[in-house]
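Note sheet for the following structure.
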Amino acid sequence: MSTVASTVEIPAGVTLPIYMDNHATSPLDPRVLEAMMPFFTQKFGNAASRNHSFGWEAEQGVEQAREQVAKLIGATAKEIIFTSGATESNNLAIKGIAEMYRERGNHIITQATEHKAVLDTCKRLEKAGYRVTYLPVKADGLIDMEDLKRAIDDKTILVTIMFANNEIGVIQPVAEIGKLCHERGVLFHTDAVQAVGKVPVDVNAMNIDALSLTAHKIYGPKGVGALYVRRRNPRVQISEQINGGGHERGMRSGTLNVPGIVGLGKACELARLEMDEEAKRLAGMRDRLKAKLESKLDYIHVNGTMEHHLPGNLNMSFVYVEGESLLMGINDIAVSSGSACTSATLEPSYVLKALGLGDDVAHSSIRFGLGRFNNDAEVDYVADKVIDVVQKLRELSPLYEMVKEGIDITKIEWQAH
Amino acid sequence: MAYSDKVIDHYNNPRNVGQLDKSSSEVGTGLVGAPECGDVMRLQIKVNPETQVIEEAKFKTFGCGSAIASSSLATEWVKGKTVSEAMEIKNTDIVKELALPPVKIHCSVLAEDAIRAAIGDWKKKNGVAEGAAAPQAVAAQ
């Protein structure tokens, strides 16, 4: 009898389930938790309370965190605004700049594989009378700089292009984009959620005017993020999106999430000190996983260029195997799929489709997200398990059988339903 | 998404995986779905020419766990039934048996289509008057 149930042995040092979905979120580093703890209990003050010691110590925690965040990206503390996370940071940057610079122009440039927090914000602005250009990406996942050059016109006020992609891990030519934008007098915002703490980011060297980041992707807590807004050369102004008590120099009202902010600061400090070594370790594990899978399976390929790539990311298509059924077979491993069946919309990943992948291949894709707390033994187990389940599901796949028999399945007139 | 125990059982131990000789006049083949939609089912039946009883059924499916389970169940159900009895199998029966959530109902529809397509193919081969066969994929010229 045919069976899909996997029989791969669990090696020593591996505890199931394995978390390998660090682009979605990451576990809190115990050192971050330790830094946060006092700010829940003893140091519970409101950072905006100016007339007693409870307020002062909360404010001190916040200001230290502001320094820590700034230092990781080469900014100054005054350029950091704390938010509830990167979705808010993206909204604040894009809407805030669009509104503030409305008289100068109404054109915004972004690209196809941005996170929904950017794409949907841009769509909202289109309804409000702004013009948005969505640049395509090449098959490797990167934008074409020539496309960007051509897209900038005298009404362009903002270019918003992500630093690194959350699905396929490719790193856009951010320094080139920043240089071009500054030459053309256009502001440059980048959603750097996946890049900060993973690869070097320098807002000055890269001519970045605004940058979104979040704590929970770098082993910090959920619900806290930051927006960097340049203060010199040029001084960037944004109009506030949340009105109230005038916190964060008026750009983001609301009582500060002090423990969260302290956690974000600590997470940034750890990332700054450990990034080089961690990146090497993650890339090593990623390459080991890739090599193992490639040595045992045919019809698999990597999505996105490996040349400009986040160290912990591997996005692979296992052609002729549907992604959700693969996830079901490896249910002791937490990863993500580009399959429509795993999404609420029943549409396969728009990021993979933007690379020119057919829906059938997009349905077959798995994103592995390696992080600080993964190890080689886990990588070996994950590789063995994926190989085992893919092989079993291909025994079940009519497409794999046809391809193996030499039938060109693209020549079949399928009845889409 | 949480799967029912029956879906998990069919996924882990799919019944009747394989293929029958497509060229045999006793065999009907149904190939439904599309790779772009994320599911393709091939269901085959072998019919006794005397009794019209489906004596064997095989399937292969590219698709999610629910699609695999639906087609696996379909092969179990058609076996031992006559062709006209098998035509009575409804997707709603499959939904009920596997406790499929609304988002997976299309998997059961596809399994019903696969049964009908296989029977339609067998009828065509054997000159039996065509019933309501589901449309199925055809190899282009």
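So that the names make sense, note that chain A is the first sequence line, chain B the second, and so on, each numbered from 1. Only this structure's heavy atoms are used, side chains among them; waters, hydrogens and symmetry mates stay out.
- Contact detail for A/Gly141 and A/Ile168: the closest heavy-atom pair is CA-CD1, 4.1 Å.
- Ion pairing between a basic and an acidic side chain is recognised when a charged N comes within 4.0 Å of a carboxylate O; A/Asp120 and A/Arg124 show no such pairing.
- For an aromatic pair to be called close, the ring centres must be under 6.0 Å apart, and A/Tyr219 with A/Phe373 satisfies this.
- By a heavy-atom distance cut of under 4.5 Å, not one residue of residues 289-297 of chain A is near chain B.
- Between B/Glu26 and B/Pro49, the closest side-chain pair of non-hydrogen atoms falls below 4.5 Å.
- The side-chain tip of A/Lys404 does not point at the ring of A/Tyr320 from less than 6.0 angstrom away and within 45° of straight on.
- Listed by chain and residue number, A/Glu401, A/Glu405, B/Arg42, B/Gln44 satisfy the side chain to side chain contact (heavy atoms under 4.5 Å, CB included) test with B/Gln19 (two or more places apart in sequence, or in another chain).
- Between chain A and the residues B/Gly18, B/Ser71, B/Pro35, the largest count of heavy-atom pairs under 4.5 Å involves B/Pro35.
- Other residues, nucleotides and ligands contribute at most 12 non-hydrogen atoms within 6.0 Å of the NZ atom of B/Lys46.
- With a 4.5 Å cut-off on non-hydrogen atoms, A/Val319 does not touch chain B at all.
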